[in-house]
Amino acid sequence: MRKKFVLTIGLFLVFLLTLPVFSVDIKGLVTDQKTGEPLSGANVFIQDTNIGTTTDRDGYFSLYYDAEGNFNLIFNYVGYKALTLTLNSQDKLSALAIKMKEDIFRSEEIVTTGIASRTSKDIAEVSVSRVAAESYTDATSYQDLSQLVAGKVSGIQIKPSSGNVGGGFSFYVRSGGGLNGNEQPLIFIDGVRIDNSEVVGYGTGGQGMSALADLNPDDIENIEILKGPAGAATYGANGSNGVVLITTKRGRIVPSKDGKGNGIAINYRYLSGWNEQSYEYGKNEFLSYKDANNIFRTGPITQNTISATGGTSYLKYFASFDKRNEDGILVGNYLNRNSVRMNINAFPNEKISLRLSGSYSITEMSRPWNDNNIYGYLGNTLLWPNSYGYTDSASIVALQDRNDINRFIGSANITYTPIKNLDANFAIGVDNSNWRQDQLFPADKPYLLLSNGRRSIYNRQNRQFTYDFNVRYKYNVMPDLMASSMFGTQIFERKNTTSNLTAEGFDTELITDINAGAEFKDKDESKFHGKDAGIFFEQTFSYINQYYLTLGVRKDYASTIGDKAPSIIYPKASFALRLDKYDFIPSFFNLFKTRVAYGESGVLPGSRDGIPFLWRAQPSGYGAGAVLSAIGNGKIEPERIKEIELGFETEFFTNYSAEFTYYRQYAVNSIVGQNESPSTGLTASSIPFNIGGMESSGWESRLQAVPIRSRDYELNMSFIWNYQENKVTDMGGAQPIYSWDVNVIKEDLPKHEFYTWKVEGAEFDANGNYTGPKISDDRVSFGNPIPNHTGSFSLNFRFLKNFKFYALLDWALGHKVFNYTKQFPTRLGNNPEFNKLANQLDVAGNTSVGWFAEVDTNITRLAPGSAEYKAAAEKYAKMDWRYDGNYIQDADYLKIREISLSYSFKDILAKYPSYQLVDDVILGISARNLVTFTKYDGADVEVNVGGSRSGARGIDFLTLQNPTVYNFWLRLAL
Amino acid sequence: MKRISLILVLFFSAIMLFHACENYVTDIDPLIDAVEDARLNNESQLNFVIKGVKTQYSEVIDALSCLSGDLSDELLYDSNLKGASFPSFQEIDLGEIQLDNTSVQGLYNNLGEMRFFADDLVRRTNSITVTDDALKNSALFTGKFFGGMARFFYAAYFGLNPDQGGGIIDDGPFIPSADMYDLAIDKFKEALTYANDYDTRLTNTLIARTYLYKGDYNSAATYADAGLVNGDAPFQSLHSVDADNYWWGFAGAGRVQLGVDFRFHDYIVADPNEANRIKIVETPALNPATIPVYYRQDMYPEQSSPINTATWQENNLMKAELTLRGAGSGNALDLVNEVRTSHGLANLAAVDLDVIYTERDKELFTTGARLPDERRFNKWHLPAGAWMFLPITQDERNNNPNID
């Protein structure tokens, strides 16, 4: 038996050796199946080899291969479905006509579904949103990441906190995660967890600066977002608000213009634009409206961006340089950013691939003084009828707040495949930034609270390292049952140091170095060093390419101090089913996938929350003395957020797609700070306890349609609608936590709810005289600054082949804003309507409420008891500035957010071969924040006095409006 | 066998990795800006803790004297003052104070910390071995003295209801002013055990003041007689540029949210030499058409200006008042004129309680005496129902199980 077997094998080998081996010349043309347009730059390669090429400028390809019988030839092109042809060496292979089918909704593209999991979207078991950034940055210009993402994906709200150029912004993912943390997702760029802080330094009222302002959106290729613990569980603690994964542009093989070998693609864009005031104050709003409107200017924008990409099958590169100078709509606000990037992909052999990414930016920013501040333009023109009472305009102009930031973000990633189906990945990344702020109140200008100027210096160094290692092995458990096992670790380390120094008492404005100040007023430093480490395991199964199951677990460690804080386990499980592969599903469904996922994640306590008593040194006239710094709880542990999501994705009638996800989150062990009575003396901080809980749910949906698609016309529409709600279910008996005395964290109310006393009407004495407002017995709910419903509609229309029109509208419903910008001036006599009512009721100038309403004898006094008097009193009561509830307003909105029109001269240039140097010239015009429809009577619904990370939400207090932006641009493709 | 070996290798690798992760995350740089409580339980750290109590006292006394001045008729809040914008100051000025008034809240919290730091210093000192007797005495005197001062502040300046003075200690029940004064006196008397000569006279002055405010004139007279004397330096709270005097930033050169009552200008008009002890300067109005000019205090012209919180002049005036109230043995007129002479002011021909009231108004300008004086002399200036004390705050009422 054994001999027979050996003989059979021997004969078979001899047969194989005698088979002919052909060196074949494979040639062909790759075109779009529908339009017939040639596809330039498509990848063509022989499966399981390093042999490959790309199509030339006219869509042709040619490669040689020592073929032995059948082999697979694979075609890949961005935006098209991959195509695999099984060919035989004896076939006629010199004139292949390859027609590729567009992947209209990019469902076959690989997306990230976990810390080291990637799969195509059509079989992903969790909801993953993806922004094909390049398609947007080609159509318009974005100042920062927030503008690029806002309105493009479901389930994510992104709000700027002011109209400051370079200002902060905040994410709000789904229902905002749990009760703790600042609701911000983890953000990775090319695998590097990056600093997403709002940096305040020496304040200018309320706004900080975004640590993301120095990222160039034009370098981004795509953004993927995992929105909650169900998808982000393997990212461990702090992944409860989701994970944003940014991938920058990679190199690609570019066919040379002469058709010989590979070339280089160079893109250059010149952009010129401006920011301008989007909302004009009216005469019925403020007596000082003219002064307020006069403070604004037109802020110019110029940007030059050049990039180059190219390479071979062994080495690909992408390099870019970007210079953007942008002025805000107020004097003293600008951002100048210079950034350079180099990305390299190398494939030294079949077993190793290497990916290097690096960017360096030098950014200069300056903030204006606004918000809760007496030095700013808005505070000096909106509060009082007579402007510049606190600070004169010359002094405001002379204020300086300059910030210089140098930042390097880089990563190296090696993938090693020692044996078939086994991949080992190792990645290291660093985000290193140095921030220096120089703030100056010149000595020759008068400022309240200051004599002879002030100079402040703030330095911030932030270093973070990300290390990833994981191994994945794919194997067949049995026929039709594929499996993969993955084991890995992720380590994160952050070091942050700050130092600051202020001097006052400058005898001359001519010398402003800090040594010229007579007195050092403020000095401090801080140092933070923290580490997280996680070990994760993930097991996936795929059965007959129809059922998909993933189970995973992560054990997390953190530097947080406390008995239970440092170590915790987060599980996950997910399942997807391709219904479209069942016969009972109508054939017009091109894709129909359902999925369900469960995951847990957490929010770490503060790094010092576990220390019962911390003392610090407080400088004073006695020297530095010990005062309490914080009061912690040794038993503290992370908040845990559990999420279940279920949903589906479908494509039907080829040109339509829909996706829907419902989720429900439960936060348990939420950390609630319990306040001790002040009489105990323990008020340095609240004391953290794991006594809170929260429930939230919502859904997110997206409809896409491409009803028109031809060579000359293409219409692509997308409609997103999200709903979210949440409720704090447990505070463990702790008192409600207020911010600005209006936002509250309180049991049975949504997080951040506006909660204050309500004026129910006017009260009168027996003679009919107005005696004051009738106030609710207790605080009542006024709605929430986080909208329940959000959505967007985008439209991409290509017409006459080379014209492109793009528009994005977005909206929010169930949205409230506290208009403190209106309330405070009312108190100070700058509200014309309030003043008139005060005169009609004859209370102007003679009550504490109407004290600053100037007495106007020309206004007819109404007779107490008359219907007119009562109506005026009711209105007056509803404007009583002592009650915040009077100024919490509906702020639902619809915005025409982005709009652009461009024209490509590609076809015209093609007619002039002598101008072959230039492949394409595109001219475009775009605008942002064009029109807002809202009932809110303030300047902007998207502002917040406390910046983007404070507990205060939706409070408009002298906060700079977001500008309208116009851009013109010219793009050259060489 | 091989499979078992492989499983064991993987198992132990995982165990090592878990252990390595745990070690890795705990290997971090130590804190540089804070220290855990237990590390202060050391003789070498005692001075640092003593300074903490005094630091906290300086955080309290400046705001307390300023806000009590706002509630009294010493200071005025007017939105027409260039620099005034805090509703919390307006509420206090009108005596219509919300329980969550942020200015009062900050002060009340600081006072709670002052009391705790002082008591904790005594506890800590007694719980550790201190070989340096002088240091131990200094620590115990500081703890007792400022513990007494904190209780005095509760009694004299805070209240549960508009006309019901008193305070709360350590989550306990409300303690009316009379009882709280007694607690303060107990602490002061305990402090005397550890006091040097000057501190003894200083403490006696404060005990006298406490008895005086309580209305126990005989006891007050006894201690006033042993209090500060002409030639003694004033007892001051010290401030610095980076822990500035509250007056400077809210009612002074830094920013004027609170001006001084116009009578202080009248005092100087009537007798220019009064400017030697009543230091005020003009401050602008936002709308000069309404009121052309206001005045602000200039007692504390710098951020680091100290506040005289107990002086021999006050002791003299207390003795004079006590004499007029039939409790003291000194010559009231001489005592008052000795004070006036120290400022280059002409002698008065006669004194009575009204004169004492006015002399205290001038002499103790911006030191926090006016609010209790208005009550003691039955000169309350606000309508009935207005707060006569700074209210015990909403936070206390919310979190203290012994308060409704």
Side-chain angles (χ1 to χ4, degrees), chain A residues 374 384 386 389-390 448-451 489 491 495 504 519-523 525-527 529-533 535 555 557-559 566-567 608 611-630 675-684 735 741 828 848 851-852, chain B residues 17-18 21-22 24-29 31-37 40 48-56 58 79 82-83 85 90 94 100 108-109 112-113 115-117 167-172 237-243 249 253-255 286-287 303-304 306 393 395-396 398-400:
Chain A
I374 55 174
W384 293 89
N386 300 317
Y390 296 127
L448 287 176
L449 284 172
L450 289 177
S451 51
T489 180
I491 294 168
K495 278 191 174 186
E504 294 181 353
E519 293 172 325
F520 285 97
K521 180 173 172 58
D522 181 30
K523 57 190 187 308
E525 66 175 326
S526 70
K527 190 173 182 179
H529 185 197
K531 295 176 179 175
D532 300 348
I535 300 165
K555 184 164 175 62
Y557 298 88
S559 304
S567 172
R608 301 177 180 190
I611 305 174
F613 280 94
L614 266 181
W615 296 80
R616 64 183 172 86
Q618 171 66 48
S620 71
Y622 302 92
V627 299
L628 267 181
S629 170
N675 292 321
E676 290 288 318
S677 313
S679 64
T680 62
L682 305 179
T683 51
Q735 290 296 316
D741 201 37
L828 300 177
S848 61
W851 180 255
F852 278 95
Chain B
L17 195 55
F18 290 144
C21 279
E22 201 154 1
Y24 172 78
V25 298
T26 52
D27 180 23
I28 55 172
D29 297 339
L31 302 177
I32 63 166
D33 59 350
V35 61
E36 293 183 40
D37 184 78
L40 295 180
F48 176 52
V49 181
I50 290 170
K51 282 183 186 173
V53 176
K54 294 177 177 175
T55 295
Q56 195 61 25
S58 71
S79 298
K82 187 173 179 179
S85 68
Q90 186 178 36
L94 297 170
D100 60 354
Y108 187 75
N109 289 357
E113 286 199 315
R115 198 276 311 157
F116 171 71
F117 292 176
I168 298 165
I169 292 172
D170 205 10
D171 246 357
S237 73
L238 303 182
H239 303 270
S240 65
V241 173
D242 52 3
R255 180 173 177 179
L286 270 173
N287 182 5
Q303 296 166 72
S304 56
T393 61
D395 281 348
E396 181 72 40
N398 286 344
N399 296 295
N400 185 337

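So you know, we letter chains A, B, ... as the sequences are listed, proteins then strands, and number each from 1.
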Item to check | Among the listed options Asp171(B), Ile168(B), Ile32(B), the residue most often paired with chain A at heavy-atom distances under 4.5 Å | outcome: Asp171(B)

Next on the checklist: Rounded at 0.5 Å granularity, tell me how far CD in Gln303(B) sits from CD in Glu504(A).
Outcome noted: 5.0 Å

Item to check | Side chain / backbone / both / neither for Lys521(A) at chain B, heavy atoms under 4.5 Å | outcome: both

Item to check | Chi angles and distances behind the side-chain contact (heavy atoms from CB on, under 4.5 Å) call for Leu628(A), Phe117(B) | outcome: CA-CA 9 Å; Leu628(A) 267 181; Phe117(B) 292 176; 3.9 Å; yes

Checklist entry - So which of Asp100(B), Ile169(B), Val35(B) has the largest heavy-atom pair count under 4.5 angstrom toward chain A? => result Val35(B)

Checklist entry - What's the spacing between Thr55(B) OG1 and Tyr622(A) OH if we round to 0.5 Å? => result 7.5 Å

Checklist entry - With a 4.5 Å heavy-atom cut-off, do Thr683(A) and Glu113(B) have their side chains touching? => result yes

Checklist entry - Which atoms form the tightest heavy-atom contact between Ser677(A) and Glu396(B), and what is the distance? => result CB-OE2, 3.3 Å

Checklist entry - When rounded to the nearest 0.5 angstrom, what is the spacing between CG in Asp170(B) and OG in Ser679(A)? => result 6.5 Å

Checklist entry - Non-hydrogen atoms of chain B under 4.5 Å away: do they reach the side chain of Ala684(A), the backbone, both or neither? => result both

Next on the checklist: So, taking the atom named CD in Glu36(B) and the one named CZ in Phe613(A), what distance separates them when rounded to the nearest 0.5 Å?
Outcome noted: 12.0 Å

Checklist entry - Does any non-hydrogen side-chain atom of Leu31(B) lie less than 4.5 Å from one of Ile611(A)? => result yes

Checklist entry - So do Thr393(B) and Pro678(A) actually touch side chain to side chain, heavy atoms under 4.5 Å? => result yes

Checklist outcome for this item: The reported gap from NZ in Lys523(A) to CG in Asp242(B) (rounded to nearest 0.5 angstrom) is 4.0 Å

Item to check | Option in Asn400(B), Asp395(B), Asn109(B) with maximal non-hydrogen atom pairs under 4.5 Å from chain A | outcome: Asn109(B)

Next on the checklist: If we define contacts as heavy-atom pairs under 4.5 Å, which of Asp522(A), Leu828(A), Asn675(A), Leu682(A) has the most with chain B?
Outcome noted: Asn675(A)

Checklist outcome for this item: Minimal heavy-atom distance between Ser85(B) and Tyr390(A), with the atoms involved, is CB-OH, 3.4 Å

Checklist entry - Can you find a pair of side-chain heavy atoms, one from Phe520(A) and one from Val241(B), that are under 4.5 Å apart? => result no

Checklist entry - Of all of Ile374(A), Asn386(A), Leu614(A), which one pairs up most often with chain B through heavy atoms under 4.5 Å apart? => result Leu614(A)

Checklist outcome for this item: Whatever's closer than 4.5 Å to a heavy atom in chain B on Asp532(A) counts as backbone

Checklist entry - Aromatic rings Phe116(B) and Trp615(A): how do their planes relate, parallel, tilted or perpendicular, breaks at 30° and 60°? => result parallel

Item to check | Proximity breakdown for Leu450(A) and chain B, heavy-atom pairs closer than 4.5 Å | outcome: backbone

Item to check | Donor-acceptor pair, side chain of Lys527(A) and main chain of Asp33(B), under 3.5 angstrom | outcome: no

Next on the checklist: Give me the atom names and distance for the closest heavy-atom approach of Phe48(B) to Ala624(A).
Outcome noted: CD1-O, 3.5 Å

Checklist entry - Is any side-chain heavy atom of Trp384(A) less than 4.5 Å from a side-chain heavy atom of Ser79(B)? => result yes

Next on the checklist: Show, in sequence, the C-alpha distance, side-chain angles and deciding distance for Lys531(A) and Asp27(B), and conclude whether the side-chain contact (heavy atoms from CB on, under 4.5 Å) test is met.
Outcome noted: CA-CA 8 Å; Lys531(A) 295 176 179 175; Asp27(B) 180 23; 4.0 Å; yes

Checklist entry - Which bit of Gln56(B) is near chain A, if near means a heavy-atom gap under 4.5 Å: side chain, backbone, both or neither? => result side chain

Checklist outcome for this item: Applying a strict 4.5 Å limit to non-hydrogen atoms, the region of Leu40(B) in contact with chain A is side chain

Checklist entry - So, for Ser620(A) and Ala243(B), which heavy atoms are closest and what is the spacing to 0.1 Å? => result CA-CB, 3.8 Å

Checklist outcome for this item: Honestly, the part of Glu519(A) sitting under 4.5 Å from a heavy atom of chain B is side chain

Checklist outcome for this item: Looking only at Ala626(A), Pro619(A), Ser629(A), the option with the highest number of non-hydrogen pairs under 4.5 Å against chain B is Ala626(A)

